[in-house]
Amino acid sequence: MNGLCCCTPCKPRYRRLVDSIYPRAVTDGLLHSNMQKLTFYAISHPEKLERIGEYLVMRMVRDLSRQRPVQVKIAVEAMDQLLQACHSSPSLPQFSENHLRMVQRLLESNNAKMEQLATDSFVTFSNIEESSPSYHRQYDFFIDKFSQMCHANPQAAYGEDFRLARCAGLRGLRGVVWKSVTDDLHPNIWEQQHMDKIVPSILFNLQEPDDNGGFSSSHIPKFDNNFTDSTQSHRGDDEATPKVLSDRCLRELMGKASFGSLRAVIEPVLKHMDLHKRWSPPPSFAIHVFRAIIYSIQSQNSYFVIQELINHLDSMCSADASTRIGIATVLSSIVSIAGTSIGPLLLSIFNSLLKHLRTSVDFERSGKCSDQPAEKMYQEALINAMGDFANALPDYQKVEMMMFTVGNIPNLDERKSKQGEEFLQHVLVKTLLKVATKYRTAYLATVFTDSFLDTLLRLALVRDPQVRLATQQIFHTLLDRHDNAANLVHLGYELDVADVQLTVEKCSRADQMFMRKHIGDITYMLWRAAAAADETDLSTHADAILCTMSLLCIEVGFEESLVELFRLSMALQRLALDTKQNFSDAKRNSIHNIVAKYMNLSAQLIANPSLCQQVQHVVACRAQRGIPGLNLLLSVKESPMNDDPLSSTAVNGNIPEGTPRTITESDHALLFNIEDVAESLKASGKDASRLFVPFDMSLNGRDGNGDNWQREDGQNFDSTDGRESPDGYKTVGIDDVSVDMSVDWTPPISRKQSRRNTIFSIVNPPKLNASTVDDLKAYANASFDPIEEDRKEKELTGSILSEIRNTDFEERVNTNESLNERGDLSKSIARLLVRNGETTKVRDIGRPTKPKNVFEIELPSFAY
């Protein structure tokens, strides 16, 4: 019965029906009327479906060996129609095995048209959902063959049709992935051995160069993750390029991958990039691939791709700089997409990026780096990656990243820092600035914690001028909440501040509390930054300091901060006049210009007419005197002498002999009078008493150990957090402070490294023996002597140690108990009550007793 030599009447019915679908003429196609009969018979007799498939395969193999392509096509078309019509038949798994055997024989023919026909049939099969699972089905052969077709080239048997062969191979791989994922007991398509063939085949076609020889993803459309490939759709794919089809395959593959199978897909991608050198800048192909991956997988798994890229960067730490630049650039391009799903790995990923940045800096400074420009490009790529990473995070995580970056900055002591640490400071401050530009400040206390502000103040005074300048820019970014910094970066002398188009709002109470605590530190930093301004780039540093002062005036312009900024201006003027400082004339003139521009801006912002007149008078007098670099009334178009003290005319121009180069203390008309400024402020209702407190005129802002901030003007820091409280301002109580409980607060690290912070911290306020007013004044004006204080502290420590060593323990316990009893309020009250009770008893001796209450009188018994 299995032979083909039986006569027609002796053949089984299903064979006669199969034979009837073939036409007599070769030019005719499938006989549809007979095909309908065969289909009806297969549906009515599902037990015959397997035999029908076997007979069709047998005839197809015979026709294929005899080079009859028309009959082969008819057999394949009949198999496809039966497969679609009998998709719910219980015999479908057995019929599917015959169908796959037919597809395999077609693929083994090494005929391009037959392979195309087999691919179309396999795609039809992959779209059918089987009701019963297949336990023994394997797709290894199809994966190998379709992957081989994806690498077709013109030199092979395909000739000019190699693109069609590639498209057929890609569609076949799509079908394998779809069928493996949808089957219940599917073979594990996500095994590494399969992914090592599928993923490189897809990427090989995706990297197909354009007409200009490069890669461009602009013409690649975006596809969804639905696998709908009918006859019409894959016919349309034939007309498409392999690049478009491979992009669709990659997105579908990643869309169907679970979290556990992501590693098996990502590793072949990374290996392909390494072998084909796709990391080389500009890595447009790698960026497109990883963007497609990020957008295709589930959003909560995006962080895994970032982590795999960072791990790959770890393994490529010894590779060429161009390779590391490419990986960092890819990170920068996709990290913002996956930033919202990072979650608990935020600091881990950011720490990894910082670690690579520090490693690159150390490698560059070691002298072993052969290409320093490329290494700097790698560092810039890492910094951009961290900035883009921060841009996708919520504000509270941006603050955490800034704190984390600050914690990695090395030694900030300007006397002890090494050259390599200075370079690392420069790189990390650039990173901090990049992150800060992505943050939008709401309340100053939220971002300027004590430790963070203390680090910024120290960074603003390090030896590297670029670090100081970048720190000022960080202050600009974090202080500017109304986008005023762009108009204040190069602020000139404005006759009408309204032309600058500034946005000014009332300072909030929370910011007022913050500035009352920290305005002294900030102004002192600005004063020292002006004194340490780099003369090689003086105008940039001067503009940065002026911008910081202007932003403070605009953002936190309440009474106390304004008075402190005016006090800073007067201190800067005295600094420019100080002949002990080794400043050039250009630097002195630059500081004078900072004061004049700020006084002009603040006077107009607070609407103080008398102060505005003083500023205009001083500026006009300076213009009349003709000192080069101080004439703020000249515009750049009218004269080559502008307000830049480093201009060629101001420094090297032809200046008449006898013309002064700068202002001296004798030029009273060219200086701002502190008493006149104070009178103007008092006239507007402000307390200007603080204005007369001088700054420390020595530039030694720290003591000999470089640990404590010490000033000669008598200002002491708060012993709780190391910050100063400006004299003349009332101490704010706890009821007056609004605390933002949404931010976790950590007590700052005290700068005072002494025994005051140990177990021997005994507060002994100085005894005041002042019997006259003169003694009181002498005590109030007494200067602070640190040597004497250290001596007293050592004596106190010695007395405590000697008492512990020489006094018995019980005696000290009794002494402490007596002291505690005297100071205990409850025991004192009880003692006073007892004493008062005994005094009352003594006083009442001999006095008649008081009459009893009527309710306490006992009546005689007869009354009842």
Side-chain angles (χ1 to χ4, degrees), residues 192 195-196 199-210 213-217 250 254 262-294 302-338 348-389 423-424 427 430-431 434:
Q192 195 67 44
M195 287 294 107
D196 287 341
V199 174
S201 301
I202 295 174
L203 296 180
F204 178 78
N205 289 274
L206 186 59
Q207 70 184 11
E208 182 182 7
D210 294 332
F215 177 83
S216 176
S217 61
L250 178 64
M254 300 308 304
L262 279 179
R263 187 184 301 275
V265 184
I266 297 298
E267 287 183 356
V269 174
L270 297 174
K271 188 183 298 183
H272 181 87
M273 299 297 173
D274 295 338
L275 296 177
H276 291 262
K277 298 181 180 180
R278 288 294 173 175
W279 299 117
S280 300
S284 55
F285 173 72
I287 291 175
H288 174 77
V289 169
F290 280 94
R291 279 182 175 271
I293 291 174
I294 288 291
S302 300
Y303 75 92
F304 182 80
V305 181
I306 303 296
Q307 191 65 50
E308 285 295 310
L309 270 175
I310 293 177
N311 294 338
H312 189 65
L313 187 59
D314 292 338
S315 63
M316 304 292 289
C317 59
S318 60
D320 294 338
S322 59
T323 301
R324 289 180 282 123
I325 291 172
I327 299 175
T329 305
V330 173
L331 274 172
S332 177
S333 63
I334 68 173
V335 74
S336 59
I337 305 172
S348 175
I349 292 177
F350 197 73
N351 184 33
S352 300
L353 295 175
L354 280 178
K355 182 185 69 174
H356 286 290
L357 187 60
R358 293 177 67 102
T359 304
S360 175
V361 171
D362 295 339
F363 176 66
E364 181 183 357
R365 306 298 295 182
S366 64
K368 300 179 181 179
C369 181
S370 58
D371 192 357
Q372 290 191 357
E375 201 68 29
K376 290 184 180 295
M377 291 177 59
Y378 172 58
Q379 296 167 11
E380 290 292 336
L382 286 176
I383 292 174
N384 293 332
M386 285 184 276
D388 295 334
F389 182 36
F423 187 77
L424 184 58
V427 175
K430 287 178 61 178
T431 305
K434 188 73 175 181

Using a 4.5 Å cut-off on heavy atoms from C-beta on, say whether the side chain of [Y] contacts that of [X].
X      : Y      : value
Leu331 : Asp388 : no
Lys271 : Val199 : no
His272 : Val289 : no
Val335 : Leu309 : no
Leu203 : His276 : no
Thr329 : Ile325 : yes
Met273 : His312 : no
Val330 : Trp279 : yes

I'd like to check the ring pair (Phe, Tyr, Trp, His ring centres under 6.0 Å) partners of His356; sequence neighbours left out, ordered by chain and number. none
How long is the span from the [atom1] atom in [X] to the [atom2] atom in [Y], to the nearest 0.5 Å?
X      : Y      : atom1 : atom2 : value
Met386 : Phe350 : CE    : CZ    : 5.5 Å
Asp371 : Asp320 : CG    : CG    : 9.0 Å
Asn311 : Leu270 : CG    : CG    : 9.5 Å
Lys277 : Thr323 : NZ    : OG1   : 8.5 Å
Leu357 : Thr431 : CG    : OG1   : 5.0 Å
Asn351 : Ile310 : CG    : CD1   : 10.0 Å

Donor-acceptor pairs under 3.5 Å, side chain of residues 373-381 to any protein atom, not counting sequence neighbours: which ones?
unit_1: Glu375; atom_1: OE1; unit_2: Arg324; atom_2: NH2; d: 3.1
unit_1: Glu375; atom_1: OE2; unit_2: Arg324; atom_2: NH1; d: 3.0
unit_1: Glu375; atom_1: OE2; unit_2: Ser360; atom_2: OG; d: 2.8
unit_1: Lys376; atom_1: NZ; unit_2: Glu364; atom_2: OE2; d: 3.0
unit_1: Gln379; atom_1: NE2; unit_2: Ser360; atom_2: OG; d: 3.2
unit_1: Gln379; atom_1: NE2; unit_2: Glu364; atom_2: OE1; d: 2.7
unit_1: Glu380; atom_1: OE2; unit_2: Lys430; atom_2: NZ; d: 2.2

Looking at Ala264 and Pro268, what are the two nearest heavy atoms and their distance? O-CD, 2.9 Å
Work out which heavy atom in Val305 is nearest to a heavy atom in Ile294; give both atom names and the distance.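 Looks like CB-CD1, 3.7 Å.
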Sequence neighbours excluded, which residues qualify as side chain to side chain contact (heavy atoms under 4.5 Å, CB included) partners of Arg291?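 Arg291 satisfies side chain to side chain contact (heavy atoms under 4.5 Å, CB included) with Ile287, Tyr295, Ser333, Ile334, Ile337 once adjacent residues are dropped.
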Judged by atom type as modelled, is there a donor-acceptor pair below 3.5 Å linking the side chain of Ser332 to the main-chain atoms of Ala328? no
